[in-house]
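Below: the structure, in structure tokens.
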2 protein chains.
Amino acid sequence: MEETDAQIIRLLSADGRMSFTDLGRATGLSTSAVHQRVRRLEARGVVRGYQAKLDHEAVGLGLTAFIAIRAIDPSQPDDSPERLRHLDAIEACYSVAGEESYLLKVRVPSTGALESLLAEIRAVANVSTRSTIVLSTYYENRPIGG
Amino acid sequence: MEETDAQIIRLLSADGRMSFTDLGRATGLSTSAVHQRVRRLEARGVVRGYQAKLDHEAVGLGLTAFIAIRAIDPSQPDDSPERLRHLDAIEACYSVAGEESYLLKVRVPSTGALESLLAEIRAVANVSTRSTIVLSTYYENRPIGG
DNA sequence: TCTGAAATTAACCCTCT
DNA sequence: AGAGGGTTAATTTCAGA
């Protein structure tokens, strides 16, 4: 990865709405050159899209939790990520090394909603769950380092 | 939270670079009306910024891990999040309920880098660590549901 | 790959409702 | 709060180096 592309990526990681004009100024390139580079990074899949960072509390999703899951029947094929994909409370799904096989990050409005989500996860994926409740978020989704 | 604002938030959560013109079309409002609403959401802190979603592998940060940390000396004031803030491999820091007090999400290039990061975390914050390595990411930072 | 210029479209600000 | 209009600025495409 070239230094100019790396710089563009750092800038867009910190401000996803930065204009091509400003990106050009920051990198010392013309507007059309950065435009070309950003489009190429998007086409290659290095930049996968853009997203607003939200105050989840204000949006009514004030409860965040991490849910580690473990298959109950190890002989069954384990396609939990696909089985759980439709649950839009699940913001992220990772397969992990360790005692459990997957780790989910979820956002819900309340403990009641978390309770029903857990029931649904267990039913849909035939897994046991271990939840870790987030008490407060100090920082999150920080831009990549520079 | 009003339905129109909620809709704008969902749209910007899915596409942070969506134009005010398109937001207007999608919500049935004029360009200037959505413009006004988005600026208000930003001013209130509901929208905290915008960010490019990256392929971290392509950017040279192919190793993701979750690190749960626990204070070694419970009599010391526990300001780990501030002590660790300067480490830009740490993408997120949560305080959590459970056996450990904080959960970090980190991105590094290699296991070697993870090893030195762990050493630094333990030294800087005087904590013990328990790491969970991410093997693969099925989905992540999905837009909020609707 | 870059620049520079031209054409199109969007952002932004203001006023009126 | 929103619509409409006018000005400024950005995006996008293209020719040329």
Side-chain angles (χ1 to χ4, degrees), chain A residues 1-62 109 140-146, chain B residues 1-62 109 140-146:
Chain A
M1 170 80 33
E2 224 174 325
E3 175 50 31
T4 306
D5 280 347
Q7 198 181 349
I8 290 172
I9 285 163
R10 278 195 298 271
L11 290 162
L12 286 176
S13 168
D15 178 6
R17 273 186 96 96
M18 194 168 181
S19 72
F20 296 108
T21 309
D22 288 347
L23 284 170
R25 269 194 277 270
T27 55
L29 257 57
S30 70
T31 304
S32 45
V34 282
H35 183 260
Q36 216 169 0
R37 277 173 180 267
V38 170
R39 291 294 179 248
R40 197 181 51 192
L41 289 167
E42 289 170 354
R44 285 184 190 159
V46 179
V47 171
R48 296 191 144 144
Y50 304 88
Q51 190 169 51
K53 295 202 275 188
L54 303 176
D55 176 349
H56 291 87
E57 180 116 28
V59 163
L61 296 169
E140 195 175 29
N141 284 340
R142 296 203 300 177
I144 61 169
Chain B
M1 172 80 32
E2 223 173 328
E3 176 48 32
T4 306
D5 280 348
Q7 199 180 349
I8 290 172
I9 285 164
R10 278 195 298 272
L11 290 162
L12 287 176
S13 168
D15 178 6
R17 271 186 98 96
M18 194 169 181
S19 72
F20 295 109
T21 308
D22 288 347
L23 284 170
R25 270 194 277 271
T27 54
L29 256 57
S30 71
T31 305
S32 47
V34 281
H35 185 261
Q36 211 171 359
R37 277 174 181 266
V38 171
R39 291 296 179 246
R40 197 181 50 192
L41 289 166
E42 290 170 353
R44 283 183 190 160
V46 179
V47 173
R48 295 190 146 147
Y50 305 88
Q51 188 167 52
K53 295 202 276 188
L54 303 176
D55 177 350
H56 290 88
E57 181 114 29
V59 164
L61 296 169
E140 195 176 30
N141 283 339
R142 296 203 300 179
I144 61 169

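Please read all numbers here as calculations on a predicted model, not as lab measurements. Chain naming here is simple, since letters A, B, ... match the order of the sequence lines and numbering starts at 1 in each.
- Remark: Gln36(A) engages no residue in a side-chain contact (heavy atoms from CB on, under 4.5 Å) (not counting sequence neighbours).
- Put simply, the side chain of Leu29(A) reaches to within 4.5 Å of the side chain of Arg37(A), judged on heavy atoms.
- Here dC2(C) presents its P atom at 13 Å from CG of Leu23(A), a figure rounded to the nearest Å.
- Salt bridge Asp5(A)/Arg40(A): present, at least one basic N to carboxylate O contact under 4.0 Å.
- End-to-end axis angle of the helix from dT1(C)-dA17(D) to dT17(C)-dA1(D), from C1' rotation axes over five pairs per end: 30° (rounded to 10 degrees).
- By the ring-ring contact (aromatic ring centres under 6.0 Å, His included) test, Tyr50(A) is found to be paired with no residue, residues two or more places apart in sequence or in another chain being considered.
- Using a 4.0 Å heavy-atom distance criterion, Ala33(B) is classed as a sugar-phosphate-only contact.
- Considering only residues two or more places apart in sequence or on other chains, His35(B) meets the ring-ring contact (aromatic ring centres under 6.0 Å, His included) condition with Phe20(B).
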Could you give the side-chain donor-acceptor pairs of residues 6-13 of chain B under 3.5 Å, partners two or more places apart or in another chain?
unit_1   : atom_1 : unit_2    : atom_2 : d
Gln7(B)  : NE2    : Ala26(B)  : O      : 3.1
Arg10(B) : NH2    : Glu3(B)   : OE2    : 3.0
Ser13(B) : OG     : Ile144(B) : N      : 3.0

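- Across dG4(C), dC2(C), dG2(D), the shortest atom-to-atom separation from the side chain of Leu29(A) is found for dC2(C).
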Could you go through nucleotides 8-11 of chain C and list every protein N or O atom that sits under 3.5 Å from one of its N or O atoms, giving the distance for each pair?
unit_1  : atom_1 : unit_2   : atom_2 : d
dA11(C) : OP1    : Phe20(B) : N      : 3.0
dA11(C) : OP2    : Phe20(B) : N      : 3.1
dA11(C) : OP2    : Thr21(B) : N      : 3.2
dA11(C) : OP2    : Thr21(B) : OG1    : 3.2

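- In this structure, Gln51(A) and Asn141(B) approach most closely via the heavy-atom pair NE2-O, 2.6 Å.
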